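The structure appears below as structure tokens.
Positions are given from 1, in the same order as the sequence printed here. Just so it is clear, the structure is predicted and the values come from calculations on it, not from any experiment. Counting starts at 1 for both ligands and their atoms, following the listed order.
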Amino acid sequence: MLNIVLFGPPGAGKGTQSQKLIAHYKLVHLSTGDLLRAQITQGTELGLRAKKLMDEGLLVPDEVVIGMIDSALQDNKQAAGFIFDGFPRTVPQAESLDRLLAQHETRVSCMIALEVGEEELVKRLLERGKTSNRPDDQDESKIRRRVNVYNTETAQVAGYYANQHKFHALNGIGQIDGIFTQICGLIDQHQQPVVEDPAKAAAEVKA
Ligand code: ADP
């Protein structure tokens, strides 16, 4: 399975790149933001609780998003792999993802981080807010709070994957297709077939 964590601050382009990646690699897209907004649209109790936090630019409790990812994994047992978009956002979420994927006998292949500076993020999100209907995209102070939450609570998740030698960062400013090509290059490195028995493989090469 190919399981990609797409990482970066709000407005970095994770959603845009996810759409291209799911088409290219035939993966299932799991965006906790989208899953939460679906709960809000359905008017569930979880959605009502989450909306208050999301509108303020704050994180929803770990157990809520972990529960949603758990059921999404159960519902997609035949998937070739997943793109995790907007998850994990805290180290406990990252630890839970490792545990959940292990239950499905798979693991995170790699994390790709899109790097974009704060002023560009604010500009992009205010622009998106004109058409997205998202209250959290329409107010500059809420956007800056989300970026701040990213810097203080989420950025450390990169270190979690760096420790596992799975972390890659890319400049998120540039042509969408150019960034996509670079992401694919990084993913394909992780797609190299795993050599189960290096001694046997070396003997086969010699023979
Ligand atoms: P963006 O990355 O543009 O902020 P998302 O759609 O990923 O947008 O998230 C919107 C909001 O949903 C976040 O500000 C947060 O309130 C909530 N949210 C999404 N994913 C998570 C998560 N993994 N943990 C906690 N809160 C989350």
Side-chain angles (χ1 to χ4, degrees), residues 3-19 21-22 28-42 44-73 82-101 108 111-158 160-161 170 172-173 176 179:
N3 298 306
I4 311 295
V5 177
L6 208 51
F7 193 67
K14 302 184 295 287
T16 305
Q17 296 296 338
S18 291
Q19 291 310 317
L21 290 165
I22 55 173
V28 172
H29 182 208
L30 292 184
S31 155
T32 38
D34 287 351
L35 291 170
L36 288 165
R37 281 185 288 276
Q39 294 284 327
I40 294 174
T41 307
Q42 289 163 30
T44 64
E45 197 177 320
L46 188 159
L48 284 175
R49 274 192 291 133
K51 183 174 170 30
K52 293 198 185 98
L53 294 161
M54 291 167 76
D55 285 354
E56 289 306 313
L58 300 171
L59 294 184
V60 170
D62 285 340
E63 60 274 18
V64 172
V65 286
I66 292 165
M68 290 191 322
I69 292 289
D70 188 6
S71 37
L73 293 176
F82 297 92
I83 301 262
F84 296 95
D85 164 3
F87 180 90
R89 261 174 154 96
T90 63
V91 171
Q93 289 181 22
E95 289 166 350
S96 297
L97 181 60
D98 278 352
R99 183 176 46 79
L100 291 174
L101 290 177
V108 169
M111 166 184 269
I112 314 268
L114 298 173
E115 296 181 328
V116 177
E118 176 160 348
E119 295 317 308
E120 172 70 14
L121 296 171
V122 172
K123 207 170 86 189
R124 288 184 185 183
L125 291 174
L126 283 174
E127 195 55 38
R128 185 169 83 183
K130 290 180 189 164
T131 52
S132 72
N133 259 336
R134 282 179 53 171
D136 58 345
D137 281 348
Q138 285 165 10
D139 175 335
E140 182 167 338
S141 64
K142 286 179 188 168
I143 292 175
R144 289 199 188 269
R145 185 181 295 161
R146 277 152 68 206
V147 175
N148 189 37
V149 166
Y150 173 82
N151 289 330
T152 54
E153 298 181 48
T154 301
Q156 55 196 297
V157 175
Y160 181 86
Y161 290 97
L170 283 177
I173 299 184
I176 290 173
I179 295 169

>> Would Glu56 count as a contact residue for ligand 1, given that I'm defining contact as a non-hydrogen atom of the residue lying under 4.0 Å from a ligand atom?
In response: no
> If we only count N/O pairs under 3.5 Å, is Ser31 in contact with ligand 1?
Replying inline: no
>> Are any of the N/O atoms on Gly86, whether in the backbone or the side chain, positioned under 3.5 angstrom from an N/O atom of ligand 1?
In response: yes
>> With respect to Asp34, determine whether any N or O atom, backbone or side chain, lies less than 3.5 Å from an N or O atom of ligand 1.
In response: no
> Of the protein's non-hydrogen atoms, which lies at the shortest distance from atom 16 (O) of ligand 1, and what is that distance?
Replying inline: Leu58 O, 2.5 Å
> ligand 1 and Val60, any nitrogen or oxygen pair closer than 3.5 angstrom?
Replying inline: yes
> Of the listed options (Lys14, Arg145, Arg128), which comes nearest to atom 3 (O) of ligand 1 when hydrogens are ignored and any heavy atom counts?
Replying inline: Arg128
> Can you tell me the protein heavy atom closest to atom 20 (N) of ligand 1 and the distance?
Replying inline: Thr32 OG1, 2.8 Å
> Which heavy atom in Tyr161 sits nearest to a heavy atom in Pro88, and how many Å separate them?
Replying inline: OH-CG, 3.4 Å
> What residue and atom, counting heavy atoms only, is the protein's closest point to atom 22 (C) of ligand 1, and at what distance?
Replying inline: Arg89 CD, 3.3 Å
> To which protein heavy atom is atom 14 (O) of ligand 1 closest, and what is the distance rounded to 0.1 Å?
Replying inline: Arg146 CG, 4.0 Å
> Under 3.5 Å, is there a donor-acceptor pair between the Glu153 and Thr90 side chains?
Replying inline: no
> Would you say Asp136 has any N or O atom under 3.5 Å from an N or O of ligand 1, going by distance alone?
Replying inline: no
>> Give me the nearest non-hydrogen protein atom to atom 24 (N) of ligand 1 as residue plus atom name, then the distance to 0.1 Å.
In response: Gln93 NE2, 3.0 Å
